[in-house]
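Worksheet: the structure to be examined is printed underneath.
Here the structure is a predicted model, which means the values were calculated and not measured. By convention in this document, chain letters (A, B, ...) are assigned in the order of the sequence lines, proteins followed by strands, and residues within each chain are numbered from 1.
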Amino acid sequence: MESPRAPHDWNVTPTEAVALQKRLREQLILEPPPGLRVTRLAGADISTEKGNDTGYGGMVVLDAATLEPVARAVAAVPLTFPYVPGLLSFRELPVLAAVWKRLTVRPDVLIFDGQGTAHPRRVGIACHGGLLFDIPSIGCAKSLLVGTPGKLAERRGATSPITHKGEVVGMAVRTRAGVSPVYVSPGHRMDLDTAVEWVLKASPRYREPETTRHAHRLVNAFRRSGGEAAELEEGRPG
DNA sequence: GCGACAG
DNA sequence: ATCTTGTCGC
């Protein structure tokens with residue numbers, strides 16, 4: 001008997017990856033679990049360096065009320081898939097899956113650095129990762145892959161739908177007044193409104209969510225340390 | 001065919 | 001994403 005969310009093989013070609021995305025898309029649940037209570041938020045990211053094919057990944061779990069780090073984990077894994085626009089998850093998720101196994105404190109929502117449904121086939125890394133880890137997830141990207149947002153006010157909190165081929169696939173969200181917006185879209189077990197709500201709550205001061213900022217700093221420190229986890233695994237100021 | 005193209 | 005110093009501006 002096959003599990004509803006049996007992990008698939010990562011050893012695939014770009015053509016096979018596209019076919020897999022079309023199947024994964026059908027498994028997406030674009031609605032949050034009834035009565036979802038978010039007490040912990042987490043951010044995921046990976047860092048790489050030019051002459052090295054290693055992906056240094058990390059995740060940081062934050063208390064949703066204070067946005068203070070409560071747990072973290074890292075993992076260094078060889079990268080076997082190239083960066084291809086639209087297939088980012090096949091390059092980064094093998095690394096994040098190793099990190100996820102080491103993360104003992106489970107978050108209620110996981111925010112990815114990349115798109116959710118604002119994707120050519122509506123299966124960005126946030127969707128794929130949400131399905132893989134079976135967790136409510138959000139895609140929060142710094143730039144667009146597809147779609148066009150309408151004009152949005154300069155004040156923090158302003159939003160404008162991102163339309164692609166006649167449908168709303170995400171939302172441009174101004175997390176900081178007068179600064180470029182971030183592009184938010186639901187991953188899995190999530191809807192657009194809830195995704196926007198949490199990205200704004202997680203970004204009280206800077207353009208990017210604290211989840212992403214913490215994860216970004218963690219993986220960069222991890223990479224520069226040459227893959228020496230050591231103190232990076234336990235609580236340490238960001 | 002041409003241009004666009006998350007990280 | 002990464003390679004990289006200084007510099008303009010609040």
Side-chain angles (χ1 to χ4, degrees), chain A residues 10 14-15 17-18 20-21 24-25 28 43-59 74-97 99 110-132 137-149 154-156 162-165 169-173 175-188 190 192 195 199 205-209 211-227:
Chain A
W10 287 118
T15 298
V18 169
L20 263 171
Q21 290 185 321
L24 291 168
R25 173 184 174 177
L28 281 183
D45 193 19
I46 77 165
S47 180
T48 62
E49 49 191 14
K50 51 181 181 183
N52 185 359
D53 69 339
T54 301
Y56 299 88
M59 291 188 187
V74 295
V77 176
L79 296 170
T80 60
F81 198 91
Y83 167 67
V84 178
L87 300 178
L88 178 66
S89 64
F90 290 86
R91 177 176 175 74
E92 304 197 343
L93 286 184
V95 180
L96 295 181
V99 176
L110 181 55
I111 300 178
F112 287 81
D113 194 353
Q115 316 295 344
T117 59
H119 177 279
R121 289 168 292 283
R122 308 288 187 281
V123 198
I125 188 171
C127 301
H128 198 161
L131 281 168
L132 185 65
S137 58
I138 295 171
C140 181
K142 297 179 293 300
S143 61
L144 289 167
L145 176 57
V146 296
T148 307
E154 290 298 317
R155 56 159 243 282
R156 167 186 149 75
I162 297 169
T163 301
H164 180 57
K165 293 185 174 181
V169 298
M171 193 82 86
V173 180
T175 51
R176 184 172 180 172
V179 171
S180 318
V182 288
Y183 305 98
V184 180
S185 55
H188 179 50
M190 179 61 53
L192 185 53
V199 164
R205 185 174 178 185
Y206 301 101
R207 183 196 180 203
E208 298 191 77
T211 44
T212 300
R213 301 183 72 242
H214 274 99
H216 197 63
R217 282 177 297 182
L218 172 64
V219 297
N220 277 318
F222 179 43
R223 173 173 59 79
R224 293 168 194 150
S225 75

Outermost nucleotides of DNA chain B that come under 4.0 Å of a non-hydrogen atom of chain A: B:dC5 to B:dG7

From A:Leu145 atom CG to A:Ile125 atom CD1, the distance as rounded to the nearest 0.5 Å: 12.0 Å

Flag, side chain of A:Arg207 to backbone of A:Pro181, donor-acceptor distance under 3.5 Å: yes

DNA chain B contacts made by residues 43-50 of chain A, counting heavy atoms under 4.0 Å: A:Asp45

Results of side chain to side chain contact (heavy atoms under 4.5 Å, CB included) for A:Arg155 - residues two or more places apart only: A:Ala153, A:Ala158

CD1 on A:Ile111 to CD1 on A:Ile138, rounded to 0.5 Å: 4.5 Å

Point-to-point distance, once rounded to the nearest 0.5 Å, from CD1 of A:Ile162 to OG1 of A:Thr148: 9.0 Å

Point-to-point distance, once rounded to the nearest 0.5 Å, from CZ of A:Arg176 to CD of A:Glu154: 13.0 Å

Sugar-phosphate, base or nothing in reach of A:Leu87, heavy atoms under 4.0 Å: base

Pairs where residues 85-97 of chain A contributes a residue and the test salt bridge (charged side-chain N to carboxylate O under 4.0 Å, His left out) is met, not counting sequence neighbours: none

Donor-acceptor under 3.5 Å (A:Thr117 side chain, A:Ser185 main chain): no

Least distance between heavy atoms, A:Leu218 atom then A:Gly58 atom: CD2-CA, 4.2 Å

Euclidean distance, A:Trp10 CH2 relative to A:Leu20 CG, rounded to 0.5 Å: 8.5 Å

Reported CD1-to-NE2 distance for the pair A:Ile46 and A:His216, which is rounded to 0.5 angstrom: 11.5 Å

DNA chain C: 5'-most and 3'-most nucleotides touching chain A, 4.0 angstrom heavy-atom criterion: C:dA1 to C:dC3

A:Ser137 side chain to A:His188 backbone, donor-acceptor under 3.5 Å: yes

Consecutive-pair stems (3 or more, Watson-Crick or G-U, under 3.5 Å) for DNA chain B: none

Sugar-phosphate, base or nothing in reach of A:Asn220, heavy atoms under 4.0 Å: sugar-phosphate

Sugar-phosphate, base or nothing in reach of A:Gly86, heavy atoms under 4.0 Å: base

Pairs touching residues 111-130 of chain A that satisfy salt bridge (charged side-chain N to carboxylate O under 4.0 Å, His left out), sequence neighbours left out: A:Asp113-A:Lys142, A:Arg122-A:Glu167

Stretch residues 114-124 of chain A: residues that reach within less than 4.0 Å of DNA chain B through a heavy atom: A:Gly114, A:Gln115, A:His119, A:Gly124

Minimum heavy-atom distance A:Cys140-A:Val184, with the two atoms named: SG-CG2, 4.4 Å

Salt bridge (charged side-chain N to carboxylate O under 4.0 Å, His left out) pairs, two or more places apart, involving residues 43-52 of chain A: A:Glu49-A:Arg223

Counterpart residues, ring pair (Phe, Tyr, Trp, His ring centres under 6.0 Å), relative to A:Tyr183 (two or more places apart): none

Pair assignment for DNA chain C - dot-bracket with | for other-strand partners, Watson-Crick or G-U under 3.5 Å: ..........

Report, one line per pair, each donor and acceptor closer than 3.5 Å where one atom sits in a side chain of residues 77-89 of chain A; sequence neighbours left out.
| unit_1 | atom_1 | unit_2 | atom_2 | d |
| --- | --- | --- | --- | --- |
| A:Ser89 | OG | A:His128 | ND1 | 2.8 |

A:Thr175 vs A:Val199 side-chain heavy atoms within contact, under 4.5 Å: yes

